[in-house]
Each structure stands twice: as structure tokens, then as C-alpha cells.
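Structure first, then comments.
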Amino acid sequence: MKPAMETAAEETTEQSQDKKGCFECCIKCLGGVPYASLVATILCFSGVALFCGCGHVALTGTVTILEQHFSSNASDHALLTEVIQLMQYVIYGIASFFFLYGIILLAEGFYTTSAVKEMHSEFKTTACGRCISGMFVFLTYILGVAWLGVFGFSAVPVFMFYNMWSTCEVLKALSVNMTTSPDQICVDVRQYGIIPWNALPGKACGMALENICNTNEFYMSYHLFIVACAGAGATVIALIHFLMILSANWAYLKDASKMQVYHDIKTKEEQELQDIQSRSKEQLNSYT
């Protein structure tokens, strides 16, 4: 009876040790996650997805509005249509590039996290690794400046659609107050330079303008451009976040390389001291 009780106690002890080992392993793995890089990656993916997806659909709706209401001749907006198609292809490239770039930066964050270095005791920094980290800092800075331009450019269609929407709100107020004739209130898209001045009709007034504002294309394009602009802003914030992380990681690698050189020199000196002591002992033994 007693051996059986001892066996059960030993099994319980082993199970508790296994659970403790699994818990410690999980804590150690979670400590190796670069949460700052993970947050920046999620924010970057979300921003790029919003900008690319919403911007693509909004551009298609803009072409439809121009063709149906502002430019009856296809040759007048042929150049604009080609530019919009080119921008849509560029959107595909931006989405693919930032998907890969975000994964690369996340992987770089994993390999430069101090917790990962503690788990892999053989980890050593190299000149190549520091050079790659510096290259990522420079490239992320360039991309951040470029996305600032994209953010400003994406605000232009929001401004145009907002002007049109506010004009429609004025028309709705006129239907109540009847202070001015609705036909005197117009929106001329030729003044924005997106279609030539000889394009016909080029502008919409009164009820025609109000009908445009009531279409699904206008409603969707307006709100999608707003979301695309917000996505560009989120991408800028994510790149700034990445830039801070990469700069900190680069500085850490630089300090780690100096510590590595120091430890190598210290180890070499200790080895030489041990060799001297061992030779002195051998000489003493030979004399005795």
C-alpha cells in the first residue's frame, strides 16, 4: 500500500513539474515577441489595406460620375481615365510591396529583441547585421516621407467631393428658404483641372447637381476617399513607429557589438593569465 502511495505522489510531482516547465516556456516565448513591431505591422497592414481597397473602388466611381454627368465626349476624359487606371495598377504594387516589407520588418524586430538574444545564447551581432538594420532605417525614412506626400495627395479628392456635397446641402436649404434660384448654384469640375475647359457639359447646376449627390456612386466614392485618406494617415503613423523601433534596434546592436568586443578581449586576457599561472606552477613543480 505504501509503495503505491509513493508512486502516486511521484507521478503528481512529475505532472506539476511538467506544467511548471510548460508555463515557464510559454512565458519565455511571449517575452520574445516584439510587441512594438507587431503593433506597427498591424497598423501598417490596416492602413495600406484601407488606402488600396477603398482608393481603388473610389477611383472607379469617380470615372463613372465624370462619364455620366460632366464629360459626354470620351476623348475629353481619356487622359484622366488612363491616369486612373495607372494609379489602380500602382495600388496593386503598393499593396504587394508593403505586405512583404511589413513581414520583413516584423522578422527584423524578432531577431533584434533582447528576449530572443537571451533565449539564443550563441547570438552575436555582425557588421552585416548592423548594416542591414541601418539600411532598414534609411528605407523606412524614405517611405515615410513618400507616404506623407500620398497622404496629402489623397486629401485632394476628399476636398473636391466635400465641396460638391456642401453645395448640394446648400441646394437642399434653398428648397426650404427659396431665397435664390437653384439653377444659379453650380459645381464646375473643370476648374480642378481634371478635364479640359472645352469639355461639355463640364458643370452641373440645380436639380442636376442634386441628382448627382443622390447617386450611389457619389455617396460611396465620397466616403471611400475619406477612408482611403485615413488609411494613408495610419500608414504614415505606422512608418514613424517603425522608424523609432528600427533606430532603437540599431543603437542596441551597436552597443551589443561593443560589448561583444569587450567580452572577447576580457576572455582572451583571462586565458593568457591562466596560461601564465599554469606555466609558473609547472616551473615551481620542476624546481621542487
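On a predicted model such as this, the values are computed, not experimentally measured, just so you know.
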Q) How are the rings of Tyr101 and Phe98 set relative to one another: parallel (under 30°), tilted (30 to 60°) or perpendicular (over 60°)? A)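 Taking Phe98 first and then Tyr101, their aromatic rings stand perpendicular (interplane angle over 60°).
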
For [X], is the [atom1] atom crowded, meaning more than 12 foreign heavy atoms sit under 6.0 Å from it?
X: Met220; atom1: CE; answer: no
X: Asn216; atom1: CG; answer: no
X: Phe159; atom1: CZ; answer: no

Considering all heavy atoms of both residues, which atom of [X] and which atom of [Y] are nearest to each other, and what is their separation?
X: Ile212; Y: Thr215; value: O-OG1, 2.5 Å
X: Val158; Y: Cys229; value: CG2-CB, 4.2 Å
X: Ile194; Y: Val189; value: CG1-O, 3.7 Å

Got a donor-acceptor contact below 3.5 angstrom from the [X] side chain to the [Y] backbone?
X: Ser96; Y: Gly93; result: no
X: Ser221; Y: Phe218; result: no
X: Thr41; Y: Ser37; result: yes
X: Gln191; Y: Asp188; result: yes
X: Thr140; Y: Val137; result: no
X: Thr235; Y: Val48; result: yes

Q. Are the aromatic ring centres of Trp147 and Phe153 under 6.0 angstrom apart?
A.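 So the answer is no for these two rings.
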
Q) Centres of the His56 and Tyr92 rings: under 6.0 Å? A)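 For His56 and Tyr92, the ring centres are under 6.0 Å apart.
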
(Q) Applying side chain to side chain contact (heavy atoms under 4.5 Å, CB included) to Ile94 and Cys52, what does each step give before you reach the verdict? (A) CA-CA 8 Å; Ile94 290 174; Cys52 294; 4.1 Å; yes

With a 4.5 Å heavy-atom cut-off, do [X] and [Y] have their side chains touching?
X: Phe161; Y: Ile65; value: yes
X: Phe138; Y: Leu246; value: no
X: Ile104; Y: Phe136; value: yes
X: Phe225; Y: Ser154; value: no

Q: Kindly indicate, with the supporting measurements, whether the criterion side chain to side chain contact (heavy atoms under 4.5 Å, CB included) is fulfilled by Asn163 and Val187.
A: CA-CA 8 Å; Asn163 284 342; Val187 170; over 6 Å; no

**Q.** Pair Tyr162-Tyr222, side chain to side chain contact (heavy atoms under 4.5 Å, CB included): steps then yes or no
**A.** CA-CA 8 Å; Tyr162 174 77; Tyr222 179 37; 3.4 Å; yes

